[in-house]
Amino acid sequence: LVAIGEVYLKAGKLPEAQEYAALAKKVNGKSALASVLEGDIAFEQKNAGLASQKYEEAIYFDPSCTEAYLRYADIYKSANASLAIEKLNQLKDLEPSNTAVDKKLAEIYYLKNDFNKAVEAYANFAMGPTATEEDLVKYAFALFLNHDFDKSLEVATVSYTHLRAHETEL
């Protein structure tokens with residue numbers, strides 16, 4: 001039911017998505033995934049307060065619900081970065097090797113101009129397969145601003161090589 005609701009949500013059909021979220025809650029009132037869907041629907045409706053409440057509910061029902069932590073952090077990354085970072089650190093404690101957490105932390109630290117912590121977070125994933133071109137550029141720039149010019153050049157070179165390889169694939 002949650003998967004069907006997600007499809008409707010992605011298609012922009014909010015009433016149908018809400019219907020399937022309600023059905024999922026009826027089947028299992030403590031379903032973390034149903035709460036995440038409700039949060040996603042609220043977010044689409046520009047109701048950040050309700051969305052964050054639903055993501056918190058999902059975490060309460062299932063403390064290992066990664067999606068809820070990440071979406072909660074997305075809501076607060078600009079308005080209250082400290083709250084977003086706190087929530088991501090809770091997830092990091094549960095899943096230390098989750099690169100999605102490092103990626104989200106790097107994004108938030110970069111937005112806050114905390115380049116020391118951004119570099120630490122980027123270092124955990126940026127040279128791996130989950131890094132995007134944008135991640136590599138931001139990592140190189142954060143290194144540059146931290147006066148680590150050699151490492152910045154190294155990352156920029158990798159970024160350029162990655163881009164060239166992608167262009168030849170196209």
Apply the test salt bridge (charged side-chain N to carboxylate O under 4.0 Å, His left out) to residues Glu154 and Lys151: give CA-CA distance (whole Å), side-chain angles for both, the deciding distance (0.1 Å), then the verdict. CA-CA 5 Å; Glu154 177 187 329; Lys151 183 71 174 173; 3.4 Å; yes
May I ask you to test the [X]-[Y] pair for a side-chain heavy-atom distance under 4.5 Å?
X	Y	answer
Gln53	Leu50	yes
Phe144	Leu153	no
Lys13	Val7	no
Val2	Tyr20	no
Phe115	Tyr109	no
Tyr122	Leu136	no
Asn124	Lys103	no
Tyr69	Glu56	no

Starting at [atom1] of [X], measure out to [atom2] of [Y] and round the result to the nearest 0.5 Å.
X	Y	atom1	atom2	result
Thr66	Glu95	OG1	CD	3.5 Å
Asp148	Asp150	CG	CG	7.0 Å
Leu83	Lys77	CG	NZ	14.5 Å
Ile85	Ile108	CD1	CD1	5.5 Å
Leu88	Glu107	CG	CD	9.5 Å
Lys54	Ser52	NZ	OG	11.0 Å

Would you kindly confirm whether [X] and [Y] end up in one hydrophobic cluster when ILVMFWY residues are joined by side chain heavy atoms under 4.5 Å apart?
X	Y	answer
Phe141	Leu111	no
Leu9	Leu33	yes
Met127	Leu143	yes
Tyr72	Leu91	no

Restricting to non-hydrogen atoms, name the atom on [X] and the atom on [Y] that form the minimum distance, rounded to 0.1 Å.
X	Y	value
Tyr8	Ala17	CB-N, 3.7 Å
Ala126	Tyr139	CB-CD2, 3.4 Å
Ala58	Cys65	O-CB, 4.3 Å
Val36	Ala68	CG2-CB, 3.9 Å
Ala100	Asn98	N-OD1, 2.8 Å
Ala140	Ala156	CB-N, 4.0 Å

Between the side chains of [Y] and [X], is the shortest nitrogen-to-carboxylate-oxygen separation below 4.0 Å, so that they form an ion pair?
X	Y	result
Lys104	Asp74	yes
Lys25	Glu57	yes
Lys92	Asp102	yes

Assess the residue pair Phe61 and Ser35 against the criterion (side-chain contact (heavy atoms from CB on, under 4.5 Å)); give the C-alpha distance rounded to whole Å, side-chain angles, the decisive distance to 0.1 Å, and a yes or no. CA-CA 9 Å; Phe61 292 148; Ser35 294; 3.6 Å; yes
Begin from the C-alpha positions of Lys138 and Asp135 and carry the test salt bridge (charged side-chain N to carboxylate O under 4.0 Å, His left out) through to its verdict. CA-CA 5 Å; Lys138 287 182 177 179; Asp135 294 329; over 6 Å; no
Within 6.0 angstrom of Phe125 CZ, more than 12 heavy atoms from elsewhere: yes
Could you tell me whether a side-chain N or O of Tyr55 sits under 3.5 Å from a main-chain N or O of Leu70, the two making a donor and an acceptor? no
